[in-house]
A.B. asks: 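Okay, handing you the structure first.
Since the model is a prediction, treat every value here as computed from it, not as a measurement. Chain A is the first sequence line, chain B the second, and so forth, proteins listed ahead of strands; every chain is numbered from 1.
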Protein chains: 2
Amino acid sequence: MEELTERQKVILTLVTHEHINSASPVGSKVLVEKFNIGLSPATVRNEMSFLTDQGYLRQPHTSAGRVPTEKGYRFFVGRLVREREVPLSSRRRISHQFFQMRNEVEQWARLAASILADQSKAASLITAPHPEHALLKHVEFISTVGRQVLMVLVLSGGELRQRIQSLSEPIYQERLSNIGTFLTKRFQGNETWRIKNNLIDMDELELELAGWVVDEMERADSMISGEIFFDGITNVLAEPEFNDTEDARKALRVLEERTMLHDLFAKTIMNGEEGTVQVLIGGEGAWEDLRQYSIVLSKYGAPGIAFGTVGVLGPMRMAYGKTISAVRFMSGLLSDLVSQSLYDDKIIPSSEVDL
Amino acid sequence: MEELTERQKVILTLVTHEHINSASPVGSKVLVEKFNIGLSPATVRNEMSFLTDQGYLRQPHTSAGRVPTEKGYRFFVGRLVREREVPLSSRRRISHQFFQMRNEVEQWARLAASILADQSKAASLITAPHPEHALLKHVEFISTVGRQVLMVLVLSGGELRQRIQSLSEPIYQERLSNIGTFLTKRFQGNETWRIKNNLIDMDELELELAGWVVDEMERADSMISGEIFFDGITNVLAEPEFNDTEDARKALRVLEERTMLHDLFAKTIMNGEEGTVQVLIGGEGAWEDLRQYSIVLSKYGAPGIAFGTVGVLGPMRMAYGKTISAVRFMSGLLSDLVSQSLYDDKIIPSSEVDL
DNA sequence: GTTAGCACTCAAAGGTTGTGAGTGCTAAAA
DNA sequence: TTTTAGCACTCACAACCTTTGAGTGCTAAC
């Protein structure tokens with residue numbers, strides 16, 4: 001594979017740029033007329049022909065203009081230095097919106113999804129912050145009916161989990177509360193394994209309840225990403241490439257069947273670094289149903305607290321510059337929120353806290 | 001408006017039935033051939049003409065067959081006595097799935113949505129159970145960083161709410177825990193207003209924290225329905241009426257902008273009775289964007305605990321019989337779950353509980 | 001009241017043609 | 001050697017026309 005000349009790079013970039021705007025194949029003439037390169041259409045044609053041979057461009061049919069391939073897009077995105085910063089006024093406005101929502105943790109992801117969809121004019125995907133390894137912050141047992149007990153677990157990162165279990169015999173609420181307090185005191189700030197290895201000096205009931213706690217925490221640990229929030233799906237459907245409903249359905253199926261997204265997010269969280277933005281073009285070969293789409297993804301959060309992902313899904317022909325900076329901005333904002341509000345790496349027993 | 005003759009009723013029903021299957025206008029000839037009514041096409045035509053005059057049928061264009069109007073559908077649904085029961089095998093299978101999930105309250109709605117979408121081959125909408133008037137079950141305050149405090153509220157119906165607030169000065173976790181215990185003991189099982197009117201004999205800090213509780217409970221009370229879960233949106237897009245993407249977008253916008261749905265659910269919860277299924281055809285004039293759709297809705301839950309809604313959104317041309325019984329079945333199932341697992345109308349102080 | 005017969009309507013499907021944007025190739029110009 | 005003008009060729013797309021057939025309403029006979 002040969003290196004591209006500077007002129008070829010420029011032409012490839014322009015073709016991609018123009019295609020993103022026009023949504024239709026780009027011909028040599030249009031290119032010459034719109035951007036005053038000092039070249040004739042014929043020359044441009046030769047270069048385009050070369051780029052087609054190299055797999056950067058593609059012709060939908062013999063007598064049509066050129067369209068970037070995945071490879072072409074990838075080159076384009078890699079060269080995109082000059083990202084369009086989110087304007088200061090927008091940044092201020094968005095920060096303010098989050099400030100007003102700062103109390104409602106569950107709303108963060110929803111708000112972020114809504115804003116990002118609006119900014120990028122595409123579909124946004126956000127996962128709620130989720131701790132890498134859950135630490136127990138608090139546990140409570142509440143009797144509901146008969147032998148049924150509602151367990152409420154507060155984990156690091158502010159994650160709440162609840163579950164209903166049946167005891168073998170009814171127990172007074174008072175006793176349940178005491179056990180909750182006892183387990184909280186004893187295991188506060190501990191990881192799952194540490195709790196699991198310290199189930200000693202307990203009576204039968206305490207042991208059973210502690211077992212529930214461990215079980216639920218293991219469940220939390222086994223999930224790599226938190227709940228997924230979407231917004232702006234209609235934005236994507238508005239794009240001309242989805243005039244065919246079949247394609248639209250494919251896209252939606254990806255969003256509905258969350259398994260693929262979970263995989264994707266898991267990978268991002270495990271490998272990625274917060275703050276850096278990655279761009280997956282056309283499913284990168286691996287995800288068949290995403291062939292026509294691109295995803296701009298970033299990890300957010302703070303080490304030792306919790307991580308999540310923020311991303312945008314749109315047609316491959318997407319305003320990458322704007323989207324990338326929007327995602328980066330949102331990622332930063334959410335990271336700040338998480339570290340400013342949810343810090344609780346180790347819960348120090350209250351009497352030792354230095355205020 | 002005249003009463004319809006029995007024969008007219010039969011024809012209207014058959015036309016509707018046939019249109020639901022074929023998705024295209026129904027002519028007199030097809031009708032006669034398919035269902036052996038002892039009539040000639042000409043006679044049927046006369047009756048159809050009459051039904052058209054009365055507004056039950058409609059002709060897309062002069063030389064086409066007939067299609068039911070909203071009024072026609074309404075008649076059809078009203079007459080639908082013989083609902084197709086969900087087969088016993090499916091009922092068993094579904095009950096079993098819920099049994100396996102009985103511990104995870106948050107999963108109920110998601111599972112229900114998934115099953116209902118599958119059963120009805122349309123989009124399902126479920127709201128999580130939400131108490132009419134929140135009763136306090138438990139409150140906990142957890143210090144996170146600096147003056148930030150995470151408040152976790154457990155309300156009746158198993159609803160969890162969390163929020164982060166700032167104190168004017170940092171407080172030891174121990175003191176926060178004590179206040180949590182104190183407020184829980186004092187106000188357990190109380191409605192919002194009762195708590196609000198009993199904020200006496202407290203020091204400044206206790207009062208501030210109790211204020212947060214009241215505030216958050218008022219927020220919960222002001223919401224009539226819980227979180228909305230969807231599934232099977234792609235099912236709806238597969239229907240032929242959405243070959244035009246524009247129409248598909250309209251449908252999705254309804255689902256994304258939850259305000260309209262919230263209104264709808266609120267109405268259902270406030271007016272409806274659990275167990276009865278209502279069918280909204282073509283948005284019933286009130287909801288412009290739903291003109292082409294129908295919604296089959298039912299309230300579920302148990303009085304004094306919590307209510308939610310379960311529904312299906314599909315094209316107006318929908319298999320009403322199957323859908324109605326699927327919705328009814330699911331509504332019953334969820335009602336049972338709520339009352340069997342979440343009963344806690346009044347939390348009786350533990351020492352008085354009769355075990 | 002019911003039906004056969006008939007003229008009429010009109011959307012949808014299929015066929016034909018023209019248009020124009022775009023190409024690749026070749027030979028001349030730079 | 002690189003660039004460009006010129007030209008023949010291709011092919012999707014839109015516009016137009018025609019055919020087809022399902023379906024109608026009306027009238028007159030049963």
A.B. asks: Would you be so kind as to tabulate the donor-acceptor pairs closer than 3.5 Å made by side chains of residues 25-35 of chain A, with sequence neighbours excluded?
C.D. replies:
from: A:S28; atom 1: OG; to: A:R45; atom 2: NH1; distance (Å): 3.3
from: A:K34; atom 1: NZ; to: A:E18; atom 2: OE2; distance (Å): 3.1

A.B. asks: Counting just side-chain N and O atoms, does B:S40 come under 4.0 Å of either OP1 or OP2 of C:dT2?
C.D. replies: no
A.B. asks: Rounded to the nearest Å, what distance is computed from the CG atom of residue B:D53 to the C1' atom of nucleotide D:dT24?
C.D. replies: 14 Å
A.B. asks: Begin from the C-alpha positions of B:S298 and B:R328 and carry the test side chain to side chain donor-acceptor pair (under 3.5 Å) through to its verdict.
C.D. replies: CA-CA 7 Å; B:S298 174; B:R328 169 166 306 145; over 6 Å; no
A.B. asks: Quick one about A:T323 and A:S120 (side-chain donor to acceptor, distance below 3.5 Å, no hydrogens or angles considered), yes or no?
C.D. replies: no
A.B. asks: Which whole-number value in Å describes the distance from A:E47 CD to D:dT4 P?
C.D. replies: 11 Å
A.B. asks: With sequence neighbours excluded, give me every salt bridge (charged side-chain N to carboxylate O under 4.0 Å, His left out) pair touching residues 276-286 of chain B.
C.D. replies: B:R74-B:E284
A.B. asks: Quick one: list whatever passes salt bridge (Lys or Arg N to Asp or Glu O under 4.0 Å) with A:R258, sequence neighbours left out.
C.D. replies: none
A.B. asks: I'd like to check the salt bridge (Lys or Arg N to Asp or Glu O under 4.0 Å) partners of B:R91; sequence neighbours left out, ordered by chain and number.
C.D. replies: B:E85
A.B. asks: If you look only at pairs with a residue in residues 313-322 of chain A, which of them pass as a salt bridge (charged side-chain N to carboxylate O under 4.0 Å, His left out), with sequence neighbours excluded?
C.D. replies: A:E239-A:R317, A:E241-A:R317
A.B. asks: Dump the pairs, protein N or O against N or O of nucleotides 6-9 of chain D, anything under 3.5 Å, distances to one decimal.
C.D. replies:
none

A.B. asks: With sequence neighbours excluded, give me every salt bridge (charged side-chain N to carboxylate O under 4.0 Å, His left out) pair touching residues 7-17 of chain B.
C.D. replies: B:E3-B:K9, B:R7-B:E47
A.B. asks: Can you tell me the distance, in whole Å, between the CG atom of B:L39 and the C1' atom of C:dT3?
C.D. replies: 10 Å
A.B. asks: Apply salt bridge (Lys or Arg N to Asp or Glu O under 4.0 Å) to B:R291 and list each qualifying residue two or more places apart in sequence or on a separate chain.
C.D. replies: B:E288
A.B. asks: For DNA chain D, which residues in residues 58-68 of chain A have a heavy atom at a distance below 4.0 Å?
C.D. replies: A:H61, A:T62, A:S63
A.B. asks: Please list all pairs passing the salt bridge (charged side-chain N to carboxylate O under 4.0 Å, His left out) test where one or both residues lie in residues 116-126 of chain B, with sequence neighbours left out.
C.D. replies: B:D118-B:K121
A.B. asks: Starting from P on C:dG1, measure out to CZ on B:F50 and report it in whole angstrom.
C.D. replies: 13 Å
A.B. asks: Send over the distance from A:R7 CZ to D:dT1 C1', rounded to a whole Å.
C.D. replies: 12 Å
A.B. asks: What integer distance in Å separates A:L51:CG from C:dG24:P?
C.D. replies: 12 Å
A.B. asks: Taking atom C1' of C:dT3 as reference, at what distance in whole Å does atom CD1 of B:I37 sit?
C.D. replies: 14 Å
A.B. asks: Among residues 25-36 of chain A, which contact DNA chain D at a heavy-atom distance under 4.0 Å?
C.D. replies: none
A.B. asks: Find which nucleotide of DNA chain C each of A:S49 and B:V44 is nearest to by heavy atoms, and output the residue with the more 5' nucleotide.
C.D. replies: B:V44
A.B. asks: Could you give the CG-to-C1' distance, from B:N46 to C:dA4, as a whole number of Å?
C.D. replies: 13 Å
A.B. asks: Please identify each residue that fulfils salt bridge (Lys or Arg N to Asp or Glu O under 4.0 Å) with B:R58, with sequence neighbours left out.
C.D. replies: none
